[in-house]
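Remarks on the structure that follows.
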Amino acid sequence: MPDHDVIVIGAGFSGLYQLKCLRDQGFDTWVVEAGDEVGGTWYWNRYPGARCDIESLEYSYSFDPALEQEWDWSERYAAQPEILAYLRHVADRYDLRRDISFRTRVEQLDWDGTQWTVTTDDGASRTARYVIAATGCLSMPSRPEFDGMAEFAGEVYWTSSWPHEGVDLAGKRVAVIGTGSSGLQTITAIAPIVSRLTVFQRTPTYAVPAHNKPIADRLAALRPRYPDFREESRLTRAGFHCGEESTAFYADTEPSRVRAEFERRWLDGGLCYTQAFRDILTDVDANEAAAEHVREQIRLKVADPELAERLTPRTYPIGAKRMCVDTGYFEVYNEDHVSLVDIETDPIRRITPRGILAGETEHEAEVIILATGFDAMTGALNAIAIRNGRRTLREKWEAGPQTYLGLMSAGFPNLFFITGPQSPSVLSNMVTSIEYHVDWVTRALAHLRSKGLRRMEPDPAAEENWVNATNDIADLTVMPRAASWYMGANIPGKRRVFLPFVGGVGTYKQIADGVAVAGYHGFELS
Ligand code: FAD
Ligand code: N01
């Protein structure tokens with residue numbers, strides 16, 4: 001007999017909910033977490049300005065109406081401490097901690113034909129019939145090497161593992177490398193307190209305003225119909241509400257109406273901007289119109305036209321990298337103590353004891369902050385030696401991940417992924433996608449038990465069809481045209497394939513629901 005029915009790896013949004021569901025179903029479950037507290041992303045990423053880019057009313061669990069009714073979100077986009085407090089509250093409310101081992105990292109998984117042996121970094125191992133990897137899509141930091149880093153005399157911090165005791169940046173000369181979401185939030189938050197801020201930008205960023213604000217009234221109005229609101233979001237394109245279904249750009253190119261629609265979305269703020277027209281990710285003209293409107297806004301925000309141009313994204317379609325949601329980012333560059341180094345024209349040559357040498361100029365700094373992103377979607381999984389007796393999952397995925405529905409991979413039975421590659425995951429409100437996967441996996445395990453079955457694995461042909469379908473759908477969009485982390489392009493040597501399923505959350509749900517209803521069509525159960 002295995003030690004546990006199920007071992008879950010990770011105690012973020014996914015692992016916590018997975019534990020609750022399995023416990024409710026009577027499965028003996030053990031959760032292993034590398035950090036020393038629950039929270040996942042919101043435990044590790046404590047950099048100044050960290051907050052969500054999906055509205056808090058939707059970037060939160062929907063599984064328990066009582067939880068929705070009792071938790072008061074203070075802002076439209078909650079900051080990291082509030083989201084971490086929420087996840088800690090969830091852990092306490094459902095008494096989850098007693099089945100979680102913290103400060104323990106899973107290093108190896110071995111399948112022996114009937115069960116998995118899970119080996120952790122303390123040298124111990126335990127067995128389970130099923131393993132669920134709730135390891136996160138953005139939990140393996142990418143830490144590029146810069147020559148001379150060890151010689152730097154000042155302090156170095158990574159946004160993805162910010163010190164828990166905080167960092168005093170007041171009055172310091174600070175350099176930030178990276179202008180994705182983490183970089184933008186950090187830059188905007190620290191600009192008012194540092195004495196000098198030098199930003200090293202490789203690729204300019206499309207950002208839409210957050211228009212963050214208190215939401216007490218909105219929350220009160222929503223509460224009576226919260227369950228319906230959630231039900232609707234499960235069938236949307238990205239797992240959150242964006243108002244009524246938009247029209248196609250090609251059907252309505254009248255310039256004043258197009259402009260009015262972009263302006264309306266801009267004033268609303270947030271990620272719904274790219275849903276102004278429903279073909280922005282599939283029609284290059286629609287995409288260019290949406291991109292040009294953002295470029296125009298950058299020109300309005302940044303006083304120096306030459307600087308505005310350097311901050312303007314032109315080399316990739318809007319939406320093909322995760323959009324940033326900002327709170328005064330571009331305006332920061334109007335401050336005299338803030339400067340921008342374009343490392344496309346002035347590459348970082350090395351870190352020196354006093355700062356960063358880019359092109360021919362040494363930029364002095366007392367602190368360097370690296371906001372260089374993650375080995376997304378496959379990084380945390382590939383960091384574990386997952387072995388089925390013949391080969392590792394890493395070897396199988398060398399040319400890109402292969403999954404059926406993003407949930408399992410053929411040849412690795414009884415191993416499930418929450419928001420795995422080839423599922424909507426990072427293209428969506430992650431909490432919607434997490435809850436959907438956790439519910440799906442829980443139902444599958446209950447089904448196996450009720451039928452006296454003990455093994456589940458994708459049929460290789462079904463998996464191949466799914467991989468081909470996800471790639472084909474991605475190719476119908478502009479998404480593969482950016483060197484993005486969605487494509488694995490930010491990691492040297494990583495195979496460039498589009499990692500998530502771009503067909504939409506609602507469509508995916510209909511497919512995966514159908515697969516389950518049809519007796520887990522495409523899976524082999526025994
Ligand atoms: P995670 O929160 O990443 O948790 C995974 C956990 O697994 C981690 O705690 C990790 O320590 C643990 N783990 C991994 N490997 C091992 C191992 N081998 N052994 C033991 N433990 C392991 N998404 C949105 O939809 N909206 C947002 O606004 C949003 N904001 C974000 C902001 C930041 C700064 C980042 C980095 C991501 C953001 N995301 C957002 C994506 C975010 O990752 C998800 O929304 C969500 O938090 C993921 O939850 P998770 O539990 O699946 O993974
Ligand atoms: O990482 P990123 P992130 N030399 O990969 C640059 C979520 N998130 O942590 O664009 C110099 O987006 C890199 O340049 P380029 C969200 O899903 C959400 O910011 O590759 N520069 C880029 O500018 C997000 O998409 C929030 O040319 C280097 C930056 O570093 C995801 O997490 C907040 C470099 C990395 O940007 C990842 O965001 C934070 C190098 N060697 C995160 N390597 C919210 O707002 C990389 N760069 C909710």
Side-chain angles (χ1 to χ4, degrees), residues 8-18 31-35 37-47 49-56 58-59 77-78 80 83 87 101-109 118 120-121 133-146 158-160 176-186 200-205 210 238-240 271 313 315-316 321-326 343-344 347-348 370-374 376 379-381 383-384 418-419 425-434 437-438 482-486 489-492:
V8 176
I9 312 171
F13 266 104
S14 301
L16 291 177
Y17 180 45
Q18 187 66 77
V31 180
V32 196
E33 167 56 57
E37 174 53 304
V38 300
T41 287
W42 303 101
Y43 164 85
W44 296 106
N45 294 264
R46 298 174 186 230
Y47 58 84
R51 61 178 70 246
C52 54
D53 62 7
I54 304 283
E55 297 190 27
S56 316
E58 307 206 55
Y59 189 69
Y77 299 100
Q80 174 271 332
I83 304 173
L87 288 168
S101 292
F102 294 103
R103 290 174 289 280
T104 311
R105 184 170 285 281
V106 172
E107 292 191 326
Q108 200 170 303
L109 296 181
V118 176
T120 46
D121 57 357
T135 43
C137 293
L138 295 161
S139 56
M140 178 55 62
S142 165
R143 296 193 160 159
E145 302 261 320
F146 294 98
W158 301 86
T159 51
S160 51
V176 178
I177 301 178
T179 54
S181 297
S182 303
L184 254 67
Q185 290 183 330
T186 306
F200 293 79
Q201 169 193 272
R202 190 162 70 180
T203 312
T205 307
F240 60 97
L271 293 175
T315 54
Y316 62 99
K321 290 185 171 200
R322 175 91 173 195
M323 289 274 291
C324 296
V325 176
D326 85 288
I343 61 174
E344 278 296 341
I348 295 177
L370 294 119
T372 47
F374 299 87
L381 291 168
I384 304 172
I418 303 301
T419 65
S425 65
V426 292
L427 295 180
S428 68
N429 171 2
M430 288 287 280
V431 185
T432 310
S433 292
I434 285 168
H437 265 187
V438 168
S484 66
W485 59 257
Y486 295 145
N490 63 329
I491 303 297

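Keep in mind that the numbers below use all heavy atoms, side chains included, and drop hydrogens, waters and symmetry copies. Indexing begins at 1, ligand by ligand and atom by atom, following the structure's order.
- Within ligand 2, the atoms closer than 4.0 Å to a non-hydrogen atom of Arg322 are 16 (C), 17 (O), 25 (O), numbered from 1 in the order shown.
- Using a 4.0 Å heavy-atom cutoff, Val426 is absent from the residues neighbouring ligand 2.
- Nearest to atom 24 (C) of ligand 1 among the protein's heavy atoms is Tyr59 CE1, 3.2 Å.
- Among protein heavy atoms, atom 27 (C) of ligand 1 sits closest to Asp53 OD1, 3.1 Å.
- Scanning Ala34, Gly39, Ser14 for the heavy atom closest to atom 50 (P) of ligand 1 points to Ser14.
- Shortest contact from atom 12 (C) of ligand 1 to any protein heavy atom: Glu33 OE1, 3.4 Å.
- At least one heavy atom of Tyr47 sits under 4.0 Å from some atom of ligand 1.
- The distance from ligand 1 to the heavy atoms of Thr104 drops below 4.0 Å at these ligand atoms: 20 (C).
- The protein heavy atom nearest to atom 23 (O) of ligand 2 is Thr179 N, 2.9 Å.
- Counting atoms of ligand 1 from 1 in the listed order, those under 4.0 Å from a heavy atom of Phe13 are 47 (O), 49 (O), 51 (O).
- Closest protein heavy atom to atom 15 (N) of ligand 1: Thr135 CG2, 3.6 Å.
- From the protein, the heavy atom lying nearest to atom 19 (N) of ligand 1 is Val106 N, 2.9 Å.
- With hydrogens left out, the protein atom closest to atom 32 (O) of ligand 2 is Leu138 CD1, 3.5 Å, a heavy atom.
- When each atom of ligand 2 is checked for a heavy atom of Gln185 under 4.0 Å away, the hits are 33 (C), 44 (C), 45 (O).
- Taking atom 1 (P) of ligand 1 as the reference point, the nearest protein heavy-atom neighbour is Thr41 N, 3.7 Å.
- With respect to atom 8 (N) of ligand 2, the closest heavy atom belonging to the protein is Ser181 CB, 3.8 Å.
- Against a heavy-atom cut-off of under 4.0 Å, Cys52 is close to the following atoms of ligand 2: 48 (C).
- Of all the atoms in ligand 2, the ones that sit under 4.0 Å from a non-hydrogen atom of Pro144 are 41 (N), 43 (N).
- Here is the list of ligand 2 atoms found below 4.0 Å of a heavy atom in Gly178: 6 (C), 23 (O), 29 (C), 30 (O).
- Between Ser139 and ligand 1, no pair of N/O atoms sits closer than 3.5 Å.
- The contact set between ligand 2 and Tyr47, taken as ligand atoms under 4.0 Å from a residue heavy atom, comprises 33 (C), 39 (C).
- Distances below 4.0 Å separate heavy atoms of Gly10 from the following atoms of ligand 1: 6 (C), 7 (O), 12 (C).
- Nearest protein neighbour of atom 25 (O) of ligand 1, counting heavy atoms only, is Met430 N, 2.8 Å.
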